[in-house]
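Some notes on the structure that comes next.
Both ligands and their constituent atoms are indexed starting at 1 by order of listing.
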Amino acid sequence: SSPSIRSDSPGIELAKLLLSERQNHLFDHWSDPGVDDGRKISFFDQVTRLNGSYPGGLVAYIRNARKLLADSKAGRNPFDGFTPSVPSGEILTFGDDNFVNFEEVGVKEVRNAAFVLVAGGLGERLGYRGIKLSLPSETTTGTCFLQHYIEYILALQDASCSLVQGQDQTRIPLVIMTSDDTHESTMQLLKLNSYFGMESTQVKLLKQEKVACLKDNDARLALDPVDSYKIQTKPHGHGDVHALLYSSGLLNVWHDAGLKWVLFFQDTNGLLFKLYERVPCQLSRCSRKAKEAIGGITKLTHTDGRAMVINVEYNQLDPLLRASGYVDGDANCETGFSPFPGNINQLILELDSYRQELTKTHGAIAEFVNPKYKDSTKTSFKSSTRLECMMQDYPKTLPPSAIVGFTVLDSWIAYAPVKNNPEDAAKVPKGNPYHSATSGEMAIYRANSLILRKAGVQVADPVVDSFNGQEVEVWPRIAWRAKWAPTFSDVRRKVGGRCSISQKSTLVINGRNVYLEDLALEGSLLVNAVDQAEVRVGALFGTEAGPWKRVDYRDDSMPEELRIRGFKIERLEQEEANFTEPGKFSLNS
Ligand code: UGB
């Protein structure tokens, strides 16, 4: 009855629905009609937004929450009736014939794929205030994660299109899911860098909305602690990506354009595109250390005969295994790894069946709730909670006939995320990966060194060093831009003769047609070459770079992106060779 609030406002209808769902407390404190109208209008706007961004609307959200909260209170085991076992999948060895065959098929298929990057999360655990996509994946070149990803997609696009005549117009779509926390900064990063070479129309940002917080077991919505005319909200999780893809209409656009695959990936895995060329492999997994903070891929078989291959989150895997007769729970087997492959959330879905499925579910994903109770009576919460969902739970709603497969590769080539701050990383049990900026960067050098080794280059062994209390292997700092060699076959084609690289060397290749031939590198070399310059890099000796400057994570005079990795690479001895004109060149000592 406030004068400025129209009675036909969609929010008013929703408010009536809220009342029917026992949400009266939201209005108890409201001032008299005519007072605080602006705040009341924005309340209805918010309710309308919350309603529109959840499959089935706010009423469905409240009802789902009530059920999940009741299950949680009753201590219902989500795996009741299911027995876990180790699933069988495709195990690949990087660089062998089978791998190269997959790679070939993948490169052909990639022009039929759309890429979806979930990047709505903030790096709170990491100690970095910016968006994680803007972090350097390694500091030798300073290439940030988003640039790294986009350049690989473009390089794969070129490689794929060159295989098929008349396909050079193909532009692989990239969707980035953002949130209120990351949207503006992601847009800015793209615009400031001219989309890192992608056409702006190729990239679409879909912003996920937060969901309403719940204050008690009856799923009564929580009011914002600082604004009582606002519902408190929190992130709903990366599972939102499915509903957003559905509601954006993009699945139909892609289908009409003849695309066949949708590839999902996360914000900080510098090794990601060492694998992505193999589109036909369904889900990419890595070997997993027991208790490593990544989910485990598990086959769950129900007493009624149903079976599914699914991710079981790391906090649920150990109790599930113990309750199912695995006396040691989540433990390593004789290989030194958990028998359950690690989930790295790189999912590949066949577009056609995905689109059909989402037509039925509208992208709703099985949710969970994780309330922190005040005491064992489980009657009240320490703080408000909310429903959450994960993108890898998509198979949970599929019929048993759905085909879900996965691929396992060694971790060195598959997975090195940047999630933990130095203090937490240093506490990771010895032998388990740190998942820090330090280990993420070192993993890139290790992977590149090992890839070159597999291509015949003699790369020196690493030394062990410690940064911010984390012991890591330090390999030669080898980095290349995606266009040099997006696949292993490209690397092999571009390396010849007898090449060697010493441990203290740094090698950066920034050019499509750079060939390493009888290179003997004992220093730092950076080759920049335009596409039309064919450069053969021969015997070249450099001065080995000096020690790195250490950076203590507590040193707040240093930028955060250096504090979280614990070192700063000095570029004093760097030999830079620039080829700016077309032609054939050789680069020798
Ligand atoms: N993300 C969003 O886009 N929106 C959100 O609301 C939340 C996150 P985390 P998590 O492979 O490394 C997952 O926080 O959830 C984005 C798997 O569940 O880094 O702890 C965010 O920006 C787990 O099984 O990961 O764990 C980021 O890009 C394991 O596989 C991504 O979602 C682990 O990832 C992941 O968010 C892993």
Side-chain angles (χ1 to χ4, degrees), residues 53-54 115-126 128 130-135 137 145-146 148-149 175-183 185-186 205-211 233-245 263-272 275 283-289 291-298 310-317 330 338 340-347 365-368 370 386-396 406 408-409 411 414-421 424 428 432-437 439-440 443:
S53 58
Y54 186 83
F115 285 74
V116 179
L117 164 58
V118 291
L122 266 187
E124 287 137 336
R125 270 189 280 166
L126 179 63
Y128 179 66
I131 51 166
K132 292 210 268 176
L133 287 177
S134 69
L135 259 184
S137 54
F145 280 104
L146 187 54
H148 179 72
Y149 294 157
V175 165
I176 308 175
M177 180 171 83
T178 56
S179 66
D180 275 329
D181 296 330
T182 62
H183 188 80
S185 312
T186 308
L205 266 55
L206 299 178
K207 185 158 78 76
Q208 63 176 144
E209 294 294 336
K210 292 181 178 164
V211 286
T233 57
K234 284 189 183 166
H236 188 221
H238 37 71
D240 278 348
V241 72
H242 302 291
L244 279 173
L245 283 176
L263 291 86
F264 296 84
F265 61 108
Q266 302 193 151
D267 54 14
T268 60
N269 183 9
L271 303 182
L272 198 137
L275 299 176
L283 313 175
S284 292
R285 307 292 176 209
C286 66
S287 39
R288 170 182 186 274
K289 284 281 186 186
K291 306 200 169 55
E292 188 177 344
I294 58 178
I297 300 304
T298 311
I310 193 86
N311 171 64
V312 176
E313 274 303 82
Y314 43 90
N315 54 339
Q316 295 179 318
L317 187 61
D330 181 12
S338 156
F340 295 90
N343 167 43
I344 56 176
N345 258 4
Q346 291 173 27
L347 316 175
I365 291 295
E367 292 167 303
F368 60 96
N370 191 12
R386 85 289 197 181
L387 299 191
E388 293 177 75
C389 61
M390 301 189 293
M391 69 171 172
Q392 67 270 34
D393 278 344
Y394 168 70
K396 281 191 176 164
F406 64 91
V408 186
L409 270 123
S411 301
Y415 186 63
V418 177
K419 298 193 185 210
N420 289 330
N421 62 56
D424 290 345
V428 165
N432 272 18
Y434 297 114
H435 296 177
S436 67
S439 60

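Shown in contact with Y314 at under 4.0 Å from a heavy atom are these atoms of ligand 1, numbered in order with element: 20 (O). Using a 4.0 Å cut-off to heavy atoms of A119, the atoms of ligand 1 that qualify are 3 (O), 22 (O). Near I344, with a cut-off below 4.0 Å to any heavy atom, the atoms of ligand 1 are 11 (O). Atoms of ligand 1 lying under 4.0 Å from at least one heavy atom of R125, given by number and element, are 9 (P), 14 (O), 19 (O), 20 (O), 25 (O). Counting atoms of ligand 1 from 1 in the listed order, those under 4.0 Å from a heavy atom of E313 are 17 (C), 18 (O), 23 (C), 24 (O). Applying the 4.0 Å criterion to heavy atoms of D267 picks out, from ligand 1, the atoms 21 (C), 22 (O), 27 (C), 28 (O). Numbered from 1 in the order shown, with element, the atoms of ligand 1 that lie under 4.0 Å from a heavy atom of Q208 read 2 (C), 3 (O), 4 (N), 5 (C), 6 (O). Atom numbering of ligand 1 starts at 1 in the shown order; those under 4.0 Å from a heavy atom of M390 are 18 (O).
In terms of protein heavy-atom proximity, atom 30 (O) of ligand 1 is closest to N343 O, 2.5 Å. The protein heavy atom nearest to atom 3 (O) of ligand 1 is G120 N, 2.7 Å. Nearest protein neighbour of atom 35 (C) of ligand 1, counting heavy atoms only, is Q266 OE1, 3.3 Å. Residue, atom and distance of the protein heavy atom nearest to atom 37 (C) of ligand 1 are Y415 OH, 2.9 Å. What sits closest to atom 28 (O) of ligand 1 on the protein, heavy atoms only, is V118 O, 2.7 Å. Nearest non-hydrogen protein atom to atom 17 (C) of ligand 1 is Q392 NE2, 3.3 Å.
Residue contacts with ligand 1, taken as heavy atom pairs separated by less than 4.0 Å, involve P235 solely via side-chain atoms from C-beta onward. If you look at N311 next to ligand 1, the close heavy atoms, those under 4.0 Å, all belong to the side chain.
One option in E124, K419, K234, M391 has a heavy atom closer to atom 19 (O) of ligand 1 than any other, and that option is K419. Closest to atom 36 (O) of ligand 1 by heavy atom, among M177, H435, H238, is H238.
For the residue pair Q266 and H238, no side-chain donor N or O sits within less than 3.5 Å of a side-chain acceptor on the partner.
Taking the six-membered ring for Trp and the full ring otherwise, the centers of F265 and Y149 sit less than 6.0 Å from each other.
Put simply, the side chain of D181 reaches to within 4.5 Å of the side chain of K210, judged on heavy atoms.
Looking at Q392, its side chain never comes within 3.5 Å of a backbone N or O of E313 through a donor-acceptor pair. With hydrogens and angles disregarded, a donor-acceptor distance shorter than 3.5 Å links the side chain of N420 to the backbone of Y434. With N421 contributing its side chain and D424 its backbone, the two residues share a donor-acceptor pair below 3.5 Å. At least one donor-acceptor pair closer than 3.5 Å links the side chain of T182 to the backbone N or O of A119. In this structure a side-chain-to-backbone donor-acceptor pair under 3.5 Å is missing from H435 to A293.
If you take CG on N370 and CZ on R386, they are separated by 8.5 Å, rounding to the nearest 0.5 Å.
For the side chain to side chain contact (heavy atoms under 4.5 Å, CB included) criterion with V418, the lone passing option out of T268, N269, D267 is T268.
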